[in-house]
Each structure stands twice: as structure tokens, then as C-alpha cells.
Amino acid sequence: DTISQKDYEDKIYVADFFFATCPSICPMMATHMLEVQKHFFDRKNVKLLSHTVNPEHDNVEVLKAYSEKVHAIDSVWSFVTGNKEEIYDVAFSGYFVNALKDDIAPGGFLHSEFLILIDKDRRIRGYFDGTSTSETNDLFDAIEILMKEEFVSLKDK
């Protein structure tokens with residue numbers, strides 16, 4: 001399926017950057033994204049979005065296999081690919097994190113370890129180290145706070 005910004009309209013979501021053959025931080029990041037999915041899977045307004053930094057390898061079939069490997073629920077957690085330069089630009093200009101090819105980095109790509117919390121108005125609300133269990137727990141708390149903020153703003157309308 002094609003994923004667009006429309007799919008995340010009025011949603012709280014957690015974004016990250018990874019690649020399917022990553023030998024270093026991606027497996028731990030995926031484990032922590034899975035924990036977020038488990039914690040919030042029944043909340044229709046919370047989504048996960050993982051961008052590959054290796055679109056030449058991570059095509060739709062590879063991403064589907066990876067999503068199955070990490071036990072992603074399609075309605076909650078999407079994996080996206082696209083034009084390499086556009087992905088890198090979204091990382092740098094949209095999320096303010098690194099994503100680029102780097103021959104000396106493990107697996108050949110340098111990318112952020114952050115799980116990035118985005119509110120329903122598409123504002124970045126926090127960066128959480130995706131390799132840290134304690135920061136993932138902090139992310140749970142931050143999502144709960146955003147959900148309460150949303151509830152309060154709905155009551156005010």
C-alpha cells in the first residue's frame with residue numbers, strides 16, 4: 001500500500017529510521033518499537049512509522065518480510081521506502097536527525113537511534129533513545145500525556 005501524510009492525520013505517532021540488514025542498533029530499536037506497539041495497539045490514534053535508509057535494498061517485499069519478522073501489526077506500524085534523497089531530506093529537514101550512506105558505519109548506513117514522538121498537529125514532541133529501555137518507558141509516559149492533552153482539548157471544544 002502507499003502510505004501518505006493523510007494516514008497520520010490527527011494521529012500521535014512514533015517515527016524512526018532503520019534498515020533491514022542493520023547489524024548494530026536496528027534490532028534493539030525494533031524491539032522497543034514493538035513494545036510501543038504492544039502498549040498502544042488498541043489506541044486507534046497511536047501509530048508507528050519506520051523509514052528505511054536503504055531503499056535500494058529495502059523494497060516492499062523486504063519491508064513486508066521485516067515487518068513480519070518484528071511482529072508488526074499492519075494497522076499500527078508501517079514501514080516505508082522511497083527515493084533515497086527524499087528519505088534523507090525528510091530525516092534531516094523534517095525530523096532533524098541523520099540518515100545517510102556511510103561506508104565506515106556498521107552495515108554501510110548512518111542513521112539516528114531516536115524514536116521520535118510526533119503529536120496530532122505534526123509537531124515533534126520528543127526524542128527517545130531507541131536503544132534504551134528506560135527511554136522507551138519515558139516514551140510510553142510521553143504518549144500517555146499527549147493522549148490526555150488531546151482528551152482535554154476535545155472537552156474544551
Side-chain angles (χ1 to χ4, degrees), residues 1 3 5 7-55 57-58 62-82 87-100 102 105-154:
D1 291 339
I3 303 295
Q5 289 185 358
D7 296 295
Y8 291 85
E9 194 169 86
D10 294 323
K11 306 285 188 224
I12 295 166
Y13 69 98
V14 179
D16 75 343
F17 291 84
F18 82 106
F19 60 107
T21 58
C22 177
S24 60
I25 64 174
C26 295
M28 182 57 72
M29 291 173 65
T31 297
H32 287 137
M33 288 286 273
L34 180 62
E35 292 301 316
V36 175
Q37 175 185 266
K38 286 177 184 177
H39 197 83
F40 295 101
F41 80 94
D42 60 340
R43 314 280 176 84
K44 300 298 179 207
N45 63 332
V46 178
K47 301 278 188 187
L48 305 176
L49 179 61
S50 292
H51 307 77
T52 182
V53 298
N54 186 7
H57 176 268
D58 295 350
V62 170
L63 293 179
K64 179 64 177 164
Y66 188 83
S67 76
E68 291 169 359
K69 177 182 168 185
V70 299
H71 307 289
I73 298 171
D74 291 342
S75 62
V76 177
W77 188 357
S78 297
F79 293 81
V80 295
T81 188
I87 293 167
Y88 295 174
D89 185 58
V90 164
F92 188 73
S93 299
Y95 295 107
F96 308 108
V97 296
N98 287 326
L100 54 113
D102 182 347
F109 294 89
L110 178 66
H111 63 88
S112 171
E113 76 279 13
F114 290 120
L115 306 181
I116 307 157
L117 179 59
I118 311 297
D119 71 14
K120 66 181 185 68
D121 296 317
R122 296 194 179 139
R123 295 177 299 207
I124 296 171
R125 296 296 289 267
Y127 294 89
F128 302 84
D129 185 339
T131 66
S132 166
T133 300
S134 66
E135 288 208 21
T136 302
N137 290 333
D138 292 344
L139 173 59
F140 293 167
D141 294 341
I143 292 170
E144 292 287 355
I145 289 167
L146 281 181
M147 292 176 68
K148 286 178 182 162
E149 285 178 8
E150 182 177 308
F151 179 73
V152 169
S153 72
L154 288 174

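Since this is a predicted model, take the numbers as computed values, not measurements. Start at 1 with the first residue, then count along the sequence.
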Q: Do we see a donor-acceptor contact under 3.5 Å between the side chains of Thr131 and Asp129?
A: yes

Q: Pick one: which of Ile73, Asp16, Leu34, Val36 meets side chain to side chain contact (heavy atoms under 4.5 Å, CB included) with Leu48?
A: Val36

Q: Just to verify, what does His39 make a ring-ring contact (aromatic ring centres under 6.0 Å, His included) with, not counting sequence neighbours?
A: Phe140

Q: Kindly determine whether Glu144 and Arg43 satisfy salt bridge (Lys or Arg N to Asp or Glu O under 4.0 Å), including the steps that lead there.
A: CA-CA 11 Å; Glu144 292 287 355; Arg43 314 280 176 84; 3.7 Å; yes

Q: Counting only N and O atoms by type, is there a donor-acceptor contact under 3.5 Å from the side chain of Asp119 to the main-chain atoms of Asp121?
A: yes

Q: Kindly say whether Ser75 contributes a backbone atom to a donor-acceptor pair with the side chain of Lys47 at under 3.5 angstrom?
A: yes

Q: By ring-ring contact (aromatic ring centres under 6.0 Å, His included), which residues pair with Phe114, not counting sequence neighbours?
A: Tyr127

Q: So, Asp58 side chain and Ala20 main chain: donor-acceptor pair closer than 3.5 Å or not?
A: yes

Q: Around atom CD of Gln5, are there more than 12 heavy atoms of other residues, nucleotides or ligands at under 6.0 Å?
A: no

Q: Is there side-chain contact between Glu113 and Ser132, with heavy atoms separated by less than 4.5 Å?
A: no

Q: Please examine the side chains of Leu117 and Ile12, heavy atoms only from C-beta on, and report whether any two atoms are closer than 4.5 Å.
A: yes

Q: Checking salt bridge (Lys or Arg N to Asp or Glu O under 4.0 Å) for the pair Lys64/Asp74: CA distance, chi angles, key distance, verdict?
A: CA-CA 9 Å; Lys64 179 64 177 164; Asp74 291 342; 3.1 Å; yes

Q: Can you list everything that forms a ring-ring contact (aromatic ring centres under 6.0 Å, His included) with His51? Sequence neighbours excluded, please.
A: Phe17, Tyr95

